[in-house]
Amino acid sequence: MASLLFVNEIFASLQGEGAWTGTPSVFVRLQGCLCRCPWCDTKNTWKLGEPNDCGLDFAASKADAPRHATCTGEELLAYIDAHYASIPHVIFTGGEPMLFDLTDVTAALLARGKTVAIETSGTEPVRVAEGVWVTVSPKYDMPGGREVLASALRRADEIKMPVSGPKDLEDLEHRTLPETKPGVLVYVQPVSRDDEATRLCVEAAMTKGWRVSFQVHKYVNMR
Ligand SMILES: Nc1nc2[nH]cc(C(=O)O)c2c(=O)[nH]1
Ligand code: SF4
Ligand SMILES: [Mg+2]
């Protein structure tokens with residue numbers, strides 16, 4: 001587990017999205033993303049990380065800042081043990097967490113009895129232990145020019161499609177779902193609590209049988 005992780009933020013909250021909504025979770029927000037989605041709510045993570053001397057206390061002490069901490073997988077595990085022992089679920093998000101190989105660190109968390117999830121755009125190979133819950137929020141035709149990988153869609157336990165307009169629903173139906181495994185959970189999620197996007201998601205759910213993910217944390221002013 002020698003490689004370095006660049007941690008933009010680490011904090012505890014309730015999962016506010018998708019199938020695990022309401023679950024007490026440690027969020028590990030990793031630095032770096034190449035997708036450049038116009039409506040991204042974590043633009044502060046876009047810059048790719050580089051080694052520095054900031055430890056995890058730094059990442060735990062700030063929100064929405066562009067700087068990150070540097071740690072090894074072992075240091076992250078020790079920090080979670082020390083500060084978040086009572087929290088049963090760990091979520092790696094970003095940024096794009098699959099810019100990092102999380103196979104060993106996620107295996108170690110599972111071995112401790114935690115459940116573990118990642119939130120990925122599907123534009124990087126999925127590198128996590130077997131048994132990790134993989135949520136893919138596919139990002140098509142974004143300014144960064146990244147391609148959504150069939151291998152990521154196939155590995156997904158949950159698809160959570162960000163919806164800003166009708167094209168996203170078309171992409172979900174015709175580009176995403178044909179590549180997913182049987183039994184995958186399908187969510188549509190309005191971006192930025194937008195009223196028109198919310199209306200589109202509710203209508204799509206009622207006609208297609210998909211579920212809606214509402215980013216509950218934003219409605220109750222939680223992180
Ligand atoms: N409460 C809460 N739930 C979340 N689920 C996914 C999040 C993310 O930023 O990826 C997120 C987040 O930032 N906060
Ligand atoms: S993939 Fe996620 S982190 Fe990256 S730009 Fe898009 S919304 Fe932001
Ligand atoms: Mg968020």
Side-chain angles (χ1 to χ4, degrees), residues 6-49 59-60 62-66 68 84 87-100 102 115-126 128 132-149 152-153 156-165 167-168 171-172 175-176 185 187-194 197 211-223:
F6 302 135
V7 181
N8 179 274
E9 295 179 319
I10 184 167
F11 61 95
S13 185
L14 298 178
Q15 168 60 296
E17 306 179 4
W20 292 70
T21 293
T23 306
S25 306
V26 181
F27 286 85
V28 181
R29 189 179 303 289
L30 297 177
Q31 185 78 29
C33 188
L34 301 167
C35 288
R36 305 285 182 270
C37 306
W39 40 259
C40 177
D41 62 5
T42 54
K43 292 190 167 100
N44 55 301
T45 65
W46 283 6
K47 189 172 185 301
L48 297 179
K62 65 171 186 77
D64 305 329
H68 67 83
Y84 305 107
I87 299 190
H89 189 58
V90 180
I91 301 172
F92 289 89
T93 185
E96 173 46 68
M98 290 298 94
L99 292 173
F100 301 85
L102 301 182
T115 49
V116 182
I118 63 160
E119 307 263 352
T120 176
S121 63
T123 60
E124 303 292 334
V126 174
V128 296
V132 170
W133 183 265
V134 174
T135 300
V136 176
S137 283
K139 306 299 176 355
Y140 294 104
D141 310 318
M142 290 302 164
R146 309 296 294 170
E147 296 291 331
V148 176
L149 304 175
L153 295 175
D157 298 293
E158 174 182 48
I159 298 293
K160 191 172 62 192
M161 189 71 189
V163 174
S164 64
K167 174 181 179 297
D168 301 314
D171 285 343
L172 172 61
R175 300 168 83 178
T176 305
L185 299 183
Y187 284 81
V188 286
Q189 179 171 290
V191 300
S192 312
R193 293 200 286 172
D194 178 80
R211 301 177 185 182
V212 181
S213 169
F214 282 111
Q215 293 193 297
V216 168
H217 54 295
K218 296 189 179 176
Y219 289 85
V220 294
N221 297 315
M222 285 184 70
R223 197 169 172 194

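Atoms within each ligand, like the ligands themselves, are counted from 1 in listed order. No experiment lies behind these values; they were computed from the predicted model shown.
- If you look at Ile91 next to ligand 1, there are no close heavy atoms at all, none under 4.0 Å.
- Considering backbone and side-chain N/O of Arg223, one or more are found under 3.5 Å from N/O of ligand 1.
- Looking only at protein heavy atoms, the nearest one to atom 5 (N) of ligand 1 is Gln15 OE1, 2.5 Å.
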Given side-chain hydrogen bond (donor to acceptor under 3.5 Å, both in side chains), test His89 with Thr115 step by step and report yes or no.
-> CA-CA 5 Å; His89 189 58; Thr115 49; 2.7 Å; yes
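- Evaluated by nearest non-hydrogen atom to atom 2 (C) of ligand 1, the leading choice among Lys160, Glu119, Glu9, His217 is His217.
- Under the 6.0 Å distance and 45° angle rule, Arg193 counts as a cation-pi partner of Tyr219.
- Taking the side-chain contact (heavy atoms from CB on, under 4.5 Å) definition, one finds that Ser213 meets it with Glu17, Lys160, Tyr187, Gln189, sequence neighbours left out.
- Between Met222 and ligand 1 there is no heavy-atom distance shorter than 4.0 Å.
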Given salt bridge (charged side-chain N to carboxylate O under 4.0 Å, His left out), test Asp141 with Arg175 step by step and report yes or no.
-> CA-CA 12 Å; Asp141 310 318; Arg175 300 168 83 178; 2.8 Å; yes
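- Applying the side-chain hydrogen bond (donor to acceptor under 3.5 Å, both in side chains) test between Asn8 and each of Gln31, His68, Arg29 identifies Gln31 as the sole match.
- The protein atom (non-hydrogen) at minimum distance from atom 11 (C) of ligand 1 is Phe27 CE2, 3.6 Å.
- Residue Thr93 approaches ligand 1 through these ligand atoms, each under 4.0 Å from one of its heavy atoms: 8 (C), 10 (O).
- Ranking the protein heavy atoms by distance from atom 7 (C) of ligand 1 puts Glu17 OE2, 3.8 Å first.
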What's the verdict on side-chain hydrogen bond (donor to acceptor under 3.5 Å, both in side chains) for Thr123 and Ser121, showing C-alpha distance, side-chain angles and the deciding distance?
-> CA-CA 5 Å; Thr123 60; Ser121 63; 2.7 Å; yes
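- A 4.5 Å side-chain heavy-atom check between Val148 and Leu153 finds at least one atom pair inside the cut-off.
- Given atom 1 (N) of ligand 1, the protein heavy atom at minimum distance is Leu14 O, 2.8 Å.
- In summary, the atoms of ligand 2 found under 4.0 Å from a heavy atom of Trp39, numbered by their order in the structure, are 7 (S).
- Atom CD1 of Ile91 sits about 8.5 Å away from atom OG of Ser13, to the nearest 0.5 Å.
- In terms of protein heavy-atom proximity, atom 3 (N) of ligand 1 is closest to Gly16 N, 3.1 Å.
- Remark: Arg146 engages Glu124 in a salt bridge, criterion side-chain N to carboxylate O under 4.0 Å.
- Taking 4.0 Å as the cut-off between side-chain N and carboxylate O, Lys139 and Asp171 do not count as a salt-bridged pair.
- Note on atom 8 (Fe) of ligand 2: protein N/O/S atoms under 2.8 Å are Cys40 SG.
- Atoms of ligand 1 found under 4.0 Å from any heavy atom of Ser13, numbered from 1 in the order shown, are 1 (N).
- Defined by atom type and a distance below 3.5 Å, a donor-acceptor pair is present between the side-chain atoms of Thr120 and Glu96.
- At least one heavy atom of Arg29 sits closer than 4.0 Å to an atom of ligand 1.
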Step-by-step side-chain hydrogen bond (donor to acceptor under 3.5 Å, both in side chains) determination, Thr21 to Gln15 | CA-CA 5 Å; Thr21 293; Gln15 168 60 296; 5.8 Å; no
